[in-house]
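Just so we're clear, the structure is a prediction, and the values are computed from it rather than from any experiment. When reading the values below, keep in mind they use all heavy atoms of this one structure, side chains included, and skip hydrogens, waters and symmetry mates. Here is how names work: the chains are called A, B, and so on, in the same order as the sequence lines, proteins then strands, and each is numbered from 1.
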There are 2 protein chains.
Amino acid sequence: MALNAQKPQLDPQYLEKLQDYYSEHKVIPSYSVLAGLWGISAKSWVSECVKRFEEAGYLDWTPDRQLKPGARFFERKLADSTVQAGLPNGAISDGYDLITIDDWLVKIPSKTALVRVKGDSMVDAGIHEGDLLVVEVQPNANVGDIVVAIVDNEFTVKYLERERGAFVLKPANKAYPVIRPRGRLEIFGVMAGLARRTR
Amino acid sequence: MALNAQKPQLDPQYLEKLQDYYSEHKVIPSYSVLAGLWGISAKSWVSECVKRFEEAGYLDWTPDRQLKPGARFFERKLADSTVQAGLPNGAISDGYDLITIDDWLVKIPSKTALVRVKGDSMVDAGIHEGDLLVVEVQPNANVGDIVVAIVDNEFTVKYLERERGAFVLKPANKAYPVIRPRGRLEIFGVMAGLARRTR
DNA sequence: GAAGCTACAGAACGAACGTTCTGCTGTCAA
DNA sequence: TTGACAGCAGAACGTTCGTTCTGTAGCTTC
């Protein structure tokens, strides 16, 4: 009957420490370890806090009742381009939907390979030297796809185009020539995304 | 004294099933759950298999002796640009070093935000519309950095440059003008990387 | 054809697990 | 100044954990 059924408070420091632990070990620790992590000496209180994080969506349970990260556990601040007026130091939208960059980039882990880009033959497509190309490994591709092909025992990233009935590999850089492979064109996979680190 | 001290065999199917489970729950299950997962009804055998995966580097232990993913657990095929001759269908190098794209891109999770790129004002820097910018949130930056600034209540991604004593924001696209903010320039963070999905 | 090995099954066991209950302390509103 | 409540501590308890030991079926090897 309480009018203001205020939600129990959950300590953001606890969550951060858990996330740091998870970031290091990729596993949710046991209650006793959690107690040490949080500076608490009572498992009963850990149990209480876990319940709150569970209700808030940060923690969850496997079908076998093992504690696991919840839907919101991995959320990062996904900032939207349009900022509401007057937000002081972090114009963060409340809409969290993204889980992991990994999950976002690779859909079929078993068929996905990572290729480090060498050279600047694809700069006009926004693909730079040193970028990590997310490639779905498959032996065929469609015209217009950016493909990773094997030419002269080396990987090449190029556009797959068709020219007078034959497949050609077109760079996205005027300084490079179109590659017209003689014989069969061996395709390693199709580009599905990329990751770049600039720091 | 055995000449060929052959390594115990480890079932790749077991590893795959574990990776699938982990991919779904983000947690290593208990031995009894593992037994069910692997179609084994003896925990003793699970223990044996775990030991093998541990020796192979796929599993590891926390300081509190909890089972956790090992260094090789997350490895993806990282293909190198230079291909050795005559590899049939996957020119995959043996050097696995990468863990997760997430780990590779974000170093300080608590200070990292994700910004979706709008517009094409930075195409010449290889930043396209729709890309996910990995931003380290901090109120200051160095000249030459690609920064996310707040201008007119909107996020803008630009180069931070200095011009006649004042900070300016330079786009990487000739079609856009240099932004010369009047008053204080509010910086949201510095670009640390990006992720793009093209499929 | 006996010995040895691998791949499991099954049971026993102590340690660790998470839950629950009681109790204490500080704070705040009535 | 007295409840009421939130934040913890501490102990009890039944369950589940991972380890270890014994046993067995199938295969290979000499």
Could you work out, with side-chain hydrogen bond (donor to acceptor under 3.5 Å, both in side chains) as the rule, every residue matching B/Lys68, not counting sequence neighbours?
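Here the qualifying residues are A/His25.
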
Classify the ring geometry between B/Phe53 and B/Trp38 as parallel (under 30°), tilted (30 to 60°) or perpendicular (over 60°).
tilted

How many whole angstroms separate atom CD of B/Glu48 from atom C1' of C/dC8?
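Rounded to whole Å, this separation is 11 Å.
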
Produce a footprint string for nucleotides 10-26 of chain C: one letter per nucleotide, 5' end first; B if the base is under 4.0 Å from any protein heavy atom, S if only the sugar-phosphate is, - if neither.
B------SBBBB-----

Sequence neighbours excluded, every pair satisfying ring pair (Phe, Tyr, Trp, His ring centres under 6.0 Å) that has a member inside residues 157-183 of chain B
none

Salt-bridge test for B/Lys51 and B/Glu55: reply yes if a basic N is under 4.0 Å from a carboxylate O, no otherwise.
no

Can you see if the side chain of A/Arg52 gets near the phosphate of D/dA6 - specifically, an N or O under 4.0 Å from OP1 or OP2?
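For A/Arg52, the contact criterion (side-chain N or O under 4.0 Å from OP1 or OP2 of D/dA6) is not met.
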
Working to the nearest 0.5 Å, report the span between CG of A/Asp102 and CD1 of B/Ile101.
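Reported to 0.5 Å precision, the distance equals 4.5 Å.
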
